[in-house]
Amino acid sequence: LKDKLMTYYGKKLRLEVAMDITNSENVSKGIKERLSFAEKVVGYTNILTNTIDYKEAVNDALKLLGEFYQADRAYLFEQSEVYDYWVNTFEWCGKNVVPQHDNLQTVDRAVVAQWIDAFQCDQSVIIYNLDLLEKTNPALWDVLSTQNISRLIVSPLRDREKVVGFIGVDNPRCAINDDSQIRVLS
């Protein structure tokens with residue numbers, strides 16, 4: 001929007017020129033998002049190929065993932081070899097976020113059974129509104145609501161054809177509809 005005061009036949013007038021730049025801004029935003037995506041993929045690759053210590057590599061990759069999604073937490077769950085439950089093996093937390101790692105060492109398989117079904121089909125799970133689960137899956141709602149989770153994205157971690165774990169982010173504020181970052185990392 002540009003405007004200018006001018007005199008026209010002795011009268012003061014304001015000339016205003018407006019241009020709709022919505023399309024240009026949308027294209028610019030899309031390009032920035034794709035560039036950010038590519039930078040994160042390069043970051044994951046660098047971490048996973050250049051870090052010798054497995055724990056350090058996973059923690060650094062989860063930090064990048066959590067920062068990309070502007071999430072409260074990013075985590076890795078693995079299936080217990082001995083028992084029929086899931087274990088939160090790694091967790092990154094954003095600033096002023098209460099860690100949940102110690103509280104999530106024995107998540108019953110039945111609680112996330114719907115997720116496992118989706119993972120078997122190589123699908124991610126995106127929850128946009130936790131309140132919708134209160135009636136349909138009260139056990140999962142209870143686990144998530146006690147952690148102050150309102151939305152999340154989780155994606156399967158596979159070893160060949162077998163689901164061995166999952167990676168997720170809690171309360172993402174960016175790219176909530178896009179599981180591609182988590183899928184690339186997993």
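All figures in this text were calculated on a predicted structure; none of them were measured in a lab. Below, all heavy atoms of this structure are taken into account, side chains as well, without hydrogens, waters or symmetry copies. Here, residue 1 is the first one in the sequence, and each next residue gets the next number.
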**Prompt:** Would you say V17 and D3 make side-chain contact, with heavy atoms under 4.5 Å?
**Reply:** no
**Prompt:** Hey, quick one: are M6 and Y9 part of the same hydrophobic cluster, counting side-chain heavy atoms closer than 4.5 Å, chains of contacts allowed?
**Reply:** no
**Item:** NZ/NE/NH1/NH2 to OD/OE distance under 4.0 Å, R183 and D122
**Value:** yes
**Request:** Mind listing the closest non-hydrogen atom pair of L1 and A18 along with its distance?
**Result:** CD1-CB, 3.5 Å
**Message:** In the structure I gave you, are the side-chain heavy atoms of V125 and I153 within less than 4.5 Å of one another anywhere?
**Reply:** no
**Request:** Output yes when a side-chain donor or acceptor of R158 lies under 3.5 Å from a complementary backbone atom of F119, and no otherwise.
**Result:** yes
**Complete:** Between I167 and L76, the two heavy atoms sitting closest are CG1-CD1, 3.8 Å
**Fill in**
Looking only at heavy atoms, the pair that brings I149 and L152 closest together is CG2-CD2, 4.0 Å
**Prompt:** Does E16 CD have over 12 foreign heavy atoms under 6.0 Å away?
**Reply:** yes
**Asked** Between Y75 and W92, is the ring centre distance below 6.0 Å?
**Response** no
**Request:** Could you tell me whether the side chains of D179 and S155 share a donor-acceptor contact shorter than 3.5 Å?
**Result:** no
**Same cluster (ILVMFWY, side-chain, under 4.5 Å), I176 and L65** = yes
**Message:** When you compare the side chains of N177 and Y128, does any donor N or O come within less than 3.5 Å of an acceptor on the partner?
**Reply:** yes
**Asked** So D170 and R151, salt bridge (Lys or Arg N to Asp or Glu O under 4.0 Å) or not? Walk me through it.
**Response** CA-CA 6 Å; D170 292 342; R151 61 196 169 282; over 6 Å; no
**Prompt:** Under a single-linkage definition using a 4.5 Å side-chain heavy-atom cutoff for Ile, Leu, Val, Met, Phe, Trp and Tyr, are L64 and F90 assigned to the same hydrophobic cluster?
**Reply:** yes
**Message:** Any heavy-atom pair between the side chains of V154 and I182 that's under 4.5 Å?
**Reply:** no
**Request:** To the nearest 0.5 angstrom, please state how far the OG atom of S150 sits from the CG atom of N129.
**Result:** 8.0 Å
**Item:** Path from V97 to F68 over hydrophobic side-chain contacts below 4.5 Å
**Value:** no
**Request:** Evaluate the side-chain contact (heavy atoms from CB on, under 4.5 Å) criterion for residues T136 and W141: first the C-alpha distance (whole Å), next the side-chain angles of each, then the deciding distance (0.1 Å), finally the verdict.
**Result:** CA-CA 9 Å; T136 60; W141 178 86; over 6 Å; no
**Side-chain heavy atoms of R14 within contact of K4, under 4.5 Å** = no
**Request:** Compare all side-chain heavy atoms of Q79 with those of V164 and state whether any distance is below 4.5 angstrom.
**Result:** no
**Prompt:** If you measure from CH2 on W86 to CZ on F77, what distance do you get to the nearest 0.5 Å?
**Reply:** 10.0 Å
**Prompt:** With a 4.5 Å heavy-atom cut-off, do K162 and Q120 have their side chains touching?
**Reply:** no
**Message:** Give me the atom names and distance for the closest heavy-atom approach of A74 to L62.
**Reply:** CB-O, 3.4 Å
